[in-house]
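There's a structure below that I have some questions on.
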Amino acid sequence: MEKFSGITGTLTTTDPATMLLLQEYWWIIVAVLGGLFVLMTFVQGGQSLLHTANDEMEERAMINSLGRKWELTFTTLVMFGGALYAAFPLFYSVSFGGAYWVWMLILFGFVLQAVSYEYINNPNNLIGKGAYKAFLYFNGIITMILVGAAVGTFFTGSNFTFDSATRILQWGTAPDGMNLRGLEAALDFSHGAWFNIAFGVLIFAIARLLGALWLINDIDNNEFADLIARIRANAKRCFVVFLIALVVVLYGLVTLNGYAYDIHTGVVTHEAGKYLHNLLAGYGIQLIVFLIGAVLFLLGIFKSIFGTANDGIKLSGLGAVLIGIIVFTLAGLNGTPFYPSYADLQSSLTIQNSSGSENTLWVMTGVSLAVPFVLGYIAYVWYQMKKDGPITKEELEDPESHAY
Amino acid sequence: MAIDYNMLEWARAQFAMTAIFHFFFVPFTLGMSFMVAFFETIYVKTGKQEWKQITQFWQLLFGINFAIGLSTGIIHEFEFGTNWSTYSWVVGDLFGAPLAVEGVIAFFMEATFAAIAFFGWKRVSKGVHLMSSWLLAAGSNLSALWILIANGFMQHPTSAFYTFNIDTARLELTDFLSLILQPVAQVKFLHVVTASYTMAAVFVLGVSSLYLLKGKYTEFAKKSATVAAAFGLIASIAVAVIGDDHAYEVANTQPTKIAALEGLVVGQKAAPIVAVGLPKTLSIDEIKNAKEGDGFSFEIAIPGLLSILGKRDPNAFVPGLKDLINGNDEYGIWSWNKLVATGKEAIDDLKAYHAAKAAGDKAAMERINAHFHEVVANVDGTKVERAELMGYGYFSELPNNGVASAFPPVLPSFISFHLMVAFGFWFILLFVLAYLGVTKGTYWTNKGLQKAALLSIPLPWIAISFGWMSAEIGRQPWTVFGVLPTFKSATPLDLVNVQATFFMFLVAFVVLGIAELKMLFTVVKNGPKGAH
């Protein structure tokens, strides 16, 4: 097919193999951003642990520790959205416009969170400290479960029909399905709600475990020894929830009647054990990465939740990124429609039928070269802010520290 | 599929509401980030503690505002998907890229260095902290650049950077560099950021004047006011100069918008600007048959000024709404009906192409594609394809009124634009007087001017909101001017969903907005001694 290409606008011929490579590259970028977002949900997980503080100083230590990082989580989410918009605009259109309430509630949670750190300890915050604390719990618990449930639909499917000729989206067209503009993901048990809920709980549990690990690392362990002990105790209970949710999700991934498509014809079919097949495909690289991620994640937990070291976040954080990446690659690569429709199989979205043009993907590929630079300065800033040690009472009481 | 106009109006109201809230906080962030960086630079250069105190005071106000700016911003990115999903699909290939670049280039810089700027006073060296404050300001302003590149595309899409792909039935990017460098976006960016700097300068000057009037924190106020007066003078003049360029771009790219902004019903040579007047709300038939002078209930006009503004020639012809609807052969202006008929041909081509594709008729596909992309007009040397006019075709089955009107509503366009301009001139006058007063030392005793500065604090917010309304109401009835009608852009949703989310965000933003103001007022009331 003849198309425009390159930033100069010269005419070139689109090579299907090149196009697929670009689409795969961009799905991997999305997966990496998804993995980084899973890591950064330690902020939300930490918010869900605010009740472990017994006095104001403990609570302020937690809020200040998390409050220095929430913007990065927020930005990672925005970036995740931006990358999906640019690279896979049809997904942006179908999922956000279709599963309306899921996304709106997720956004609402982030809208409320964004002001809460700055406002919570300000005596003139109009609605009181309790309200902002409730916002942080909402974002830390409900939003995380909703995010997980939304990602769960990448495996269980959604209830929509999309006409590729007229470009008309219709939501709720499955005769045996519910239409709650996205909320059916958590309520329609005949279409995988159990899996989506388990996925939501799993994401929440991972976030809370990471949050605990972050706080253990970032707050002075001697000055706040009691708080750290309570966080550890809570995280141990959370680990049990994590294991149960994990078993359900893994069971689902192995047994779900998955979705597959032919990369040449685009025809979508059901394939039993599809996600297990994906895990083993390509010499098992995804399986290896997944296992490395899982081992690192567990090692960090055993080190700092069950043990007394305070740097488990490093291992578990890296593990969470790797696991997050694999979840997305399982959902979208190897001939897998990443946003399947159980109302109409052929309406399912794949990285091929939902992507931007070749030109846009090339431009965005150029832009993606800036990502290592961005990660570099983020690492530099983290180092600068951490090099003098954890958060102490002295710092919180210092009027010049801009502490919340 | 039938269009639910009621839902469409609610979706528009929701976007307008969230945009206005967002635009209330963001310009302040853009300007204050630089003001804070200025103050800190002076502190680092002089090493004097009072400048550190000044920096931290203004940074505290900046921080309260910064959070709610982010809060009201995230909804926007995703609203394009939730409420405007057809838009996102049809133009996402062009619109998504600047948003993604904004994330990579600007947001991470902003979020990362904000952490040092706010919390790093004791944790990093002076140099690293100062660098962070500047990078925070740069990141904030870069994000404005990218979102306004995206907005510039919505105002003036050109074949220089997009083509309509008949296969995918959407607009596709052809030249990213042209998209970035489009003059409309560049001038819009400069206009918005200089307006934002003016806003911050008015705020700092006004609050400093409050302290001077009360005789409190006098040294602090004098230093702050001096920097604000200099910064504000440059910024307010720049807003007007760039605003003039902006108006020139609008006049040459969005004729219906400039006609509505100026209330010009009948086109004329040596077209005037109505400095003060009340435009009439005319029906489509009244406009079609209008004569010169029919547009206003009363007017005080400056002859020839619109021709100078729009065409850089005092005798040039500027088309009015009548010319843009009836057409004007003398100046090569197509009638609305001709545009609609040609657009309808493009829609028919699109349908026929996909029918031929389904039937596997390649010869027909090629023939139809050639007709679809046939050049049908040549506007000032730019070839216009039939495909580019497809958006007009969607108006063929609709009455020419309301959301399907051929032009934006004149009264709100005219009023918002003219008030914005009036405020802009007031800011120049204020800063000229303040700057002269500060340099001569008379400002410190000039209570009248101090009161004027204090009372001017809310005006930049009003002015900048009017500016935004001029730009966005003036773009109607299109989301992408001349390409995608607003009524074809929304997500097909049941009304109750849009209403519910409208109120959900309205309540949240009103409450959080009031909380923000209460905190700002308290910080100002407590003064620099109370700032941590």
Side-chain angles (χ1 to χ4, degrees), chain A residues 4 7-9 68 71-72 74-75 78-79 81-83 85-86 89-90 92-97 100-101 103-104 107-108 110-112 114-115 117-119 122 124-127 165 167-169 181 356-357 359-360 363-364 367 370-371 374 377-378 381 384-385 388 395 398-402, chain B residues 1 56 63-64 67-68 70-71 74-75 77-78 81-82 85-86 88-89 92-93 96-97 99-105 107-108 111-116 118-124 128 163 165 169 172-177 354 491-493 497 501 504 508 511-512 514-515 518-519 522 532:
Chain A
F4 288 97
I7 59 169
T8 54
R68 294 173 190 189
E71 285 164 275
L72 271 181
F74 196 84
T75 306
V78 171
M79 190 59 242
Y85 200 174
L90 187 54
Y92 206 82
S93 172
V94 170
S95 179
F96 287 75
Y100 188 78
W101 275 105
W103 294 114
M104 277 298 191
L107 287 174
F108 194 61
F110 279 97
V111 165
L112 297 179
V115 290
Y117 285 102
E118 185 70 34
Y119 293 5
N122 191 313
N124 300 293
N125 64 20
L126 188 71
I127 48 179
R167 302 288 166 192
I168 290 174
L169 164 70
R181 293 305 301 207
S357 66
N359 202 14
T360 293
V363 168
M364 293 302 301
V367 173
V371 171
V374 172
Y377 72 67
I378 290 174
V381 167
Q384 286 287 334
M385 293 296 286
D388 289 342
E395 185 177 355
D398 182 349
E400 279 198 14
S401 68
H402 192 97
Chain B
M1 181 177 280
Q56 290 188 326
I64 292 169
I68 198 166
L70 292 180
S71 169
I74 193 169
I75 178 67
E77 182 189 10
F78 292 96
T82 53
S85 62
T86 309
S88 285
W89 167 243
D93 195 57
L99 292 196
V101 178
E102 184 185 17
V104 175
I105 306 287
F107 284 156
F108 276 113
T112 307
F113 291 100
I116 288 189
F118 291 136
F119 310 109
W121 285 101
K122 288 283 178 75
R123 284 187 172 256
V124 300
V128 169
T163 187
N165 184 334
E172 293 187 353
L173 180 69
T174 53
D175 189 340
F176 192 57
L177 215 53
H354 281 276
T491 305
L493 282 164
N497 297 306
T501 49
M504 189 168 94
V511 171
L512 297 178
I514 293 171
K518 192 171 176 221
M519 285 181 272
T522 310
H532 59 247

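Order of the sequence lines fixes the chain letters, A, B, ..., with proteins taken first and strands second; residue numbering starts at 1 for each chain.
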_M364(A) versus chain B, the contacting section by heavy-atom distance below 4.5 Å_ =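 For M364(A), side-chain heavy atoms alone lie under 4.5 Å from chain B.
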*Considering only heavy atoms, which portion of V115(A) lies under 4.5 Å from any heavy atom of chain B: side chain, backbone, both, or neither?*
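Both backbone and side chain.
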_Structural part of T491(B) lying under 4.5 Å from a heavy atom of chain A_ = side chain
*Going from CD on E102(B) to CD on E77(B), what distance comes out if it is rounded to the nearest 0.5 angstrom?*
8.0 Å
*Pick one of side chain, backbone, both or neither for R181(A), based on which atoms fall under 4.5 Å of a heavy atom in chain B.*
side chain
*Please find out if less than 6.0 Å separates the ring center of F113(B) from that of Y377(A).*
yes
*Which one of K518(B), H354(B), M519(B) has the most heavy-atom pairs closer than 4.5 Å to chain A?*
M519(B)
*Interface residue of largest heavy-atom contact number with chain A, from S71(B), A169(B), G63(B), A508(B), under 4.5 Å*: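 Max contact count across the listed options: S71(B).
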_Choice from A83(A), A114(A), S93(A) maximising heavy atom contacts with chain B below 4.5 Å_ =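 Looking at each of A83(A), A114(A), S93(A) in turn, S93(A) comes out on top.
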*Between W121(B), F107(B), F118(B), which shows the greatest number of heavy-atom pairs under 4.5 Å with chain A?*
F118(B)
*Residue selection (most heavy-atom pairs with chain A, distance under 4.5 Å) from G103(B), A515(B), G92(B)*: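 Of the candidates given, the most pairs with chain A belong to A515(B).
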*Gap between atom CE of M104(A) and atom CZ of F96(A) - 0.5 Å precision*: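 Rounded to the nearest 0.5 Å, the CZ-CE separation comes to 10.5 Å.
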*asked:* Could you measure the distance from the CG atom of L493(B) to the CH2 atom of W101(A)? Nearest 0.5 Å is fine.
replied: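 Taking CG in L493(B) and CH2 in W101(A), the distance rounds to 10.0 Å.
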*Please round to the nearest 0.5 Å and tell me the distance separating atom CG of L72(A) and atom CZ of F108(B).*
7.0 Å
*asked:* Just verifying a value: how many Å separate L512(B) CG and N125(A) CG, rounded to the nearest 0.5 Å?
replied: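 The CG atom of L512(B) sits 10.0 Å away from the CG atom of N125(A).
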_Winner by heavy-atom pair count (cut-off under 4.5 Å) against chain A, out of I75(B), I116(B), V101(B)_ =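 Winner by heavy-atom pair count: I116(B).
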*Separation of N124(A) CG from L126(A) CG (nearest 0.5 Å)*: 9.5 Å
*Interface moiety of I127(A) toward chain B, non-hydrogen atoms closer than 4.5 Å*: side chain
_Please classify the contact of W89(B) with chain A as side chain, backbone, both or neither, using a heavy-atom distance under 4.5 Å._
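Both backbone and side chain.
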_Shortest non-hydrogen contact from M385(A) toward R123(B)_ = O-NH1, 2.6 Å
